[in-house]
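What follows is a single structure, written as structure tokens, with notes after it.
The figures that follow rest on heavy atoms only: side chains count, while hydrogens, waters and symmetry mates do not.
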Amino acid sequence: MALHFTHLNFPLLFLITICLCINSTFAGKAHNFYPFFKVDADGSVHRYQEIKFVPPSYNPQTGVQSKDVTILSSKNVSARLYLPKISSKNQKFPLLFYIHGGGFCIQSAFSPMYDSYLHRLTAEANVVAVSIDYRLAPEHPIPACYDDSWAVLNWAAQGTEPWLKQHANFSRVFLAGDSAGANIAHNLMVRASQGSHFLLSLTGMALVDPYFGNGEPDGLWTYLCPKSNGIDDSRFNPAAHPRMLSKLNCSKILVCTASKDFLRDRAWTYYETLKKSGWEGELGIKEIEGEGHVFHLLNQTSEKAKVLMNSLVHFLV
């Protein structure tokens, strides 16, 4: 399918909110998920938002440096690695895998918004971060995002990448993500918990404004995941599967939401279901008052964004 970009300067909050609420279908097999993307009858995909690329860099104020690595060249799967300030040659840091949001269909690990946020998170939490860049739907339907992210975890587990080999503490490994990225992080944890041959021991998982289902029809999910099992698909609505949640193989989980987030109730349902499931780890939830979906990405220097950052930093210690 051909891919075209059209730039519209919409705030991401508005973009995601409207996208998840509006789905219209028009002539033939064309579909419109304004203001995310539309698909013409011939299969051409047109995105309403152009995502800019920023190169890896070094920040002299924080000492954080980044670089890009290719994981699967045949599938264009890659990641951006972030290394905090080094004070000794073999200094070790917790290893964080971060998965970006964007409704499974926009954004990138290399966009200005996510690059600046990962620089901040790496500096504040003092972690080695791997920001995963997965293939986007609808050109690559779900579960491509899950499979790509899983490939990055297994690549890292080999321990051959120089930054990871020298500075990553593989006994302190975390998953984190926002919105659709939180959904992906959860599904990675499920998959890791089911596989006896997975080489990484995952310590914890932080889910920020997770994009989960609520047992009601969701046009975007259905379109992007054509082989979905329905509204209670365990990948989309994990709260419908408490037994699966009880078997998550990590020691702590943090769920974050905001009082004005249109997905707030889904975050709380996930938290409450996990709490009652019999899972024995340390479980916490953080709600930021007066803010909406992914506010911390839209205004990264605000006081409430700093509050959320402090919660993540404390969790990753």
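Residue-environment remark: NZ (K85) stays at or below the threshold of 12 foreign heavy atoms within 6.0 Å. Heavy atoms from other residues, nucleotides or ligands lying under 6.0 Å from CG of N154 number more than 12. For Q91, the CD atom counts as densely surrounded, since its 6.0 Å shell holds more than 12 non-hydrogen atoms of other residues, nucleotides or ligands.
D209 and S179 share no donor-acceptor pair across their side chains, judged by distance under 3.5 Å alone. Between the side chains of N237 and D233, not a single donor N or O lies within less than 3.5 Å of an accepting N or O. Side-chain N/O atoms of W221 and S228 include a donor and acceptor closer than 3.5 Å.
H186 has its ring centre less than 6.0 Å from the ring centre of F212. Not less than 6.0 angstrom separates the ring centroid of F37 from the ring centroid of Y48. Separation of the H31 and Y223 ring centroids falls under the 6.0 Å cut-off. The distance between the ring centers of Y134 and F104 does not fall below 6.0 angstrom. Aromatic rings from Y82 and W163 are positioned such that their centres are separated by 6.0 Å or more. Checked against the 6.0 Å centroid threshold, F315 and F174 count as a close aromatic pair.
T203 OG1 to L95 CG: the interatomic distance, rounded to the nearest 0.5 Å, is 9.5 Å. Interatomic distance, C256 SG to H296 NE2, rounded to the nearest 0.5 Å: 8.0 Å. Separating the OH atom in Y114 from the CD1 atom in I132 is a distance of 13.0 Å, to the nearest 0.5 Å. Interatomic distance, L175 CG to M189 CE, rounded to the nearest 0.5 Å: 4.5 Å. For the atom pair OG (S44) and CD (E139), the distance works out to 10.0 Å, reported to the nearest 0.5 Å. Here the CD1-OG distance, from I288 to S302, works out to 9.0 Å after rounding to the nearest 0.5 Å.
Distance alone, capped at 3.5 Å, places no donor-acceptor pair between the K252 side chain and the M205 backbone. In this structure a side-chain-to-backbone donor-acceptor pair under 3.5 Å is missing from S149 to Y146. Checking side-chain atoms of T273 against main-chain N and O of P242 turns up no donor-acceptor pair under 3.5 Å. At least one donor-acceptor pair under 3.5 Å links the side chain of N59 to the backbone N or O of Q61. Formation of a donor-acceptor pair under 3.5 Å by the N187 side chain with backbone atoms of N183 is found in this model. The closest donor-acceptor contact from the side chain of T70 to the backbone of L72 lies at 3.5 Å or more, if one exists at all. With hydrogens and angles ignored, the 3.5 Å screen pairs a side-chain donor or acceptor of H241 with a backbone N or O of D232.
A heavy-atom distance below 4.5 Å is not found between the side chains of N249 and L202. In this structure the side chain of H167 reaches within 4.5 angstrom of the side chain of L83, judged on heavy atoms. Counting only heavy atoms from C-beta outward, the side chains of P210 and Y270 never approach each other to under 4.5 Å. Inter-residue side-chain proximity for M113 and Q107 is flagged as met; some heavy-atom pair is nearer than 4.5 Å. Within the 4.5 Å cutoff, side-chain heavy atoms of Y98 are placed close to those of D178. Within the 4.5 Å cutoff, the side chain of K247 has heavy atoms near those of the R243 side chain. Using a 4.5 Å heavy-atom threshold, the side chains of R80 and V54 count as touching. Annotation: side chain of V255 is not in contact with side chain of V208 (no heavy-atom distance under 4.5 Å).
Follow the hydrophobic side-chain contacts under 4.5 Å out from F110 and you never reach L81; the two are in separate clusters. Hydrophobic cluster membership is shared by L200 and I99, with clusters built from Ile, Leu, Val, Met, Phe, Trp and Tyr side chains linked at under 4.5 angstrom. Residues L188 and L199 do not share a hydrophobic cluster, defined by chaining ILVMFWY side chains whose heavy atoms lie under 4.5 Å apart. Residues I86 and Y58 do not share a hydrophobic cluster, defined by chaining ILVMFWY side chains whose heavy atoms lie under 4.5 Å apart.
The minimum heavy-atom distance between S78 and I71, with the atom names listed, is CA-CG1, 3.9 Å. The two atoms that bring A137 and C105 nearest to each other are O-CB, 3.0 Å, heavy atoms only. L207 and A185 get closest at one heavy-atom pair: CD2-CB, 4.0 Å. L274 and L283 make their closest contact through CD2-CD1, 3.7 Å (heavy atoms, listed as atom of the first residue, atom of the second, distance). Summarising the geometry of F295 relative to A305, their closest heavy-atom pair is CE1-N, 3.6 Å, with the distance given to 0.1 Å. Annotation for G213 and R266: closest pair CA-NH1, 3.9 Å, computed over non-hydrogen atoms.
For K67, the salt bridge (charged side-chain N to carboxylate O under 4.0 Å, His left out) partners at least two apart in sequence or on another chain are E161. H119 is linked by a side chain to side chain donor-acceptor pair (under 3.5 Å) to S57, counting only residues two or more places apart in sequence or in another chain. Applying the side chain to side chain donor-acceptor pair (under 3.5 Å) test to S116 and every residue at least two apart in sequence or in another chain returns Q300.
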>> With side-chain contact (heavy atoms from CB on, under 4.5 Å) as the criterion, how do D147 and R191 come out once you've worked through the C-alpha distance, each side chain's angles and the decisive distance to 0.1 Å?
In response: CA-CA 10 Å; D147 294 339; R191 190 166 178 176; 3.1 Å; yes
> After noting the C-alpha distance and the side-chain angles of L121 and M309, does the key distance pass the side-chain contact (heavy atoms from CB on, under 4.5 Å) rule?
Replying inline: CA-CA 7 Å; L121 183 58; M309 176 67 78; 3.5 Å; yes
>> I'd like to know whether D133 forms a side-chain contact (heavy atoms from CB on, under 4.5 Å) with V77, so could you lay out the CA-CA distance, the side-chain angles of the two residues, the decisive distance to 0.1 Å, and finally the verdict.
In response: CA-CA 6 Å; D133 198 61; V77 177; over 6 Å; no
> After noting the C-alpha distance and the side-chain angles of I231 and N214, does the key distance pass the side-chain contact (heavy atoms from CB on, under 4.5 Å) rule?
Replying inline: CA-CA 8 Å; I231 59 176; N214 61 352; over 6 Å; no
> Taking it one step at a time, do E124 and K306 satisfy salt bridge (charged side-chain N to carboxylate O under 4.0 Å, His left out)?
Replying inline: CA-CA 10 Å; E124 293 287 338; K306 293 177 183 177; over 6 Å; no
>> Test ring pair (Phe, Tyr, Trp, His ring centres under 6.0 Å) on H100 and Y117; report intermediate values, then the result.
In response: CA-CA 10 Å; H100 72 81; Y117 184 71; over 10 Å; no
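Salt bridge absent: D115 and R120 never bring a charged side-chain N and a carboxylate O closer than 4.0 Å. The pair K260-E287 does not count as a salt bridge, with every side-chain nitrogen at least 4.0 angstrom from each carboxylate oxygen.
Aromatic ring pairs are classed by plane angle as parallel below 30°, tilted from 30° to 60° and perpendicular above 60°; the pair F236 and Y211 is perpendicular.
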